Amino acid sequence: YTQQGYVKLSLKDYGNEVGIYVSDTGEGISQEEQKDLGKKFYRAKQYSSKNGKKSNSVVRPGGAGLGLYVVFGLVQLIEGKFKVDSKEGKGSTFKVYFKKPEEEKSRK
């Protein structure tokens, strides 16, 4: 939900694990909605807004509410960790952390 600004992908090496960050300058996600992220068929900001006011009659087009459900499931399956930092009106950062395989650690 980034109408203008950017979406940025970053990687960070922490030695035993790798962090992958996806940040945007979009609308952000309220604390209340963050609790439901990753639930099957859940879509944050389901309805469009007009002049900053929520309009329950206009459903935001696109998406089935499965993207984060699949991502969070895969992260858990391979024993990764995830975190969401978001502030309404400021954007969001989705953080995913994975342990490095043993052979990757030994190359350093």
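All values derive from a computational prediction rather than experimental measurement.
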Task: Minimal non-hydrogen separation, Lys81 against Glu17, with atom names - done: NZ-OE1, 3.6 Å
Open item on the list: Using a 4.5 Å cut-off between side-chain heavy atoms of Ile, Leu, Val, Met, Phe, Trp and Tyr, which other residues end up in the same hydrophobic cluster as Tyr14?
Closed with: Tyr21, Tyr97
Task: Contacts of type side-chain contact (heavy atoms from CB on, under 4.5 Å), residue Lys83, not counting sequence neighbours - done: Asp85, Lys95
- [ ] Quick one: do Leu68 and Tyr42 satisfy side chain to side chain contact (heavy atoms under 4.5 Å, CB included)? Show the steps, please.
- [x] CA-CA 9 Å; Leu68 289 177; Tyr42 179 76; over 6 Å; no
Task: Donor-acceptor contact below 3.5 Å, side chain Asp24 vs main chain Ser92 - done: yes
Open item on the list: Please check: side-chain N/O of Ser86 versus main-chain N/O of Ile29, any donor-acceptor pairing under 3.5 Å?
Closed with: yes
Task: Check: Thr93 and Val84 side chains under 4.5 Å, non-hydrogen atoms - done: no
Open item on the list: Rounded at 0.5 Å granularity, tell me how far CD in Glu32 sits from CD in Glu88.
Closed with: 10.5 Å
TODO: Check side-chain contact (heavy atoms from CB on, under 4.5 Å) between Gln31 and all other residues, then give those that pass, not counting sequence neighbours.
DONE: Gln34
TODO: State which residues pass ring pair (Phe, Tyr, Trp, His ring centres under 6.0 Å) with Phe82; sequence neighbours excluded, sorted by chain then number.
DONE: Phe72
- [ ] Please assess Tyr69 against Leu37 for the test side chain to side chain contact (heavy atoms under 4.5 Å, CB included), listing each intermediate value before the final yes or no.
- [x] CA-CA 8 Å; Tyr69 171 75; Leu37 291 177; over 6 Å; no
Task: Partner set under salt bridge (Lys or Arg N to Asp or Glu O under 4.0 Å) for Lys8, not counting sequence neighbours - done: none
TODO: With sequence neighbours left out, write down each residue that passes side-chain contact (heavy atoms from CB on, under 4.5 Å) with Val70, or none if nothing qualifies.
DONE: Leu74
TODO: Evaluate side chain to side chain contact (heavy atoms under 4.5 Å, CB included) for Lys100 paired with Asp13, printing each intermediate quantity in order.
DONE: CA-CA 9 Å; Lys100 286 185 183 177; Asp13 187 334; 2.8 Å; yes
- [ ] Kindly say whether Tyr6 contributes a backbone atom to a donor-acceptor pair with the side chain of Thr25 at under 3.5 angstrom?
- [x] yes
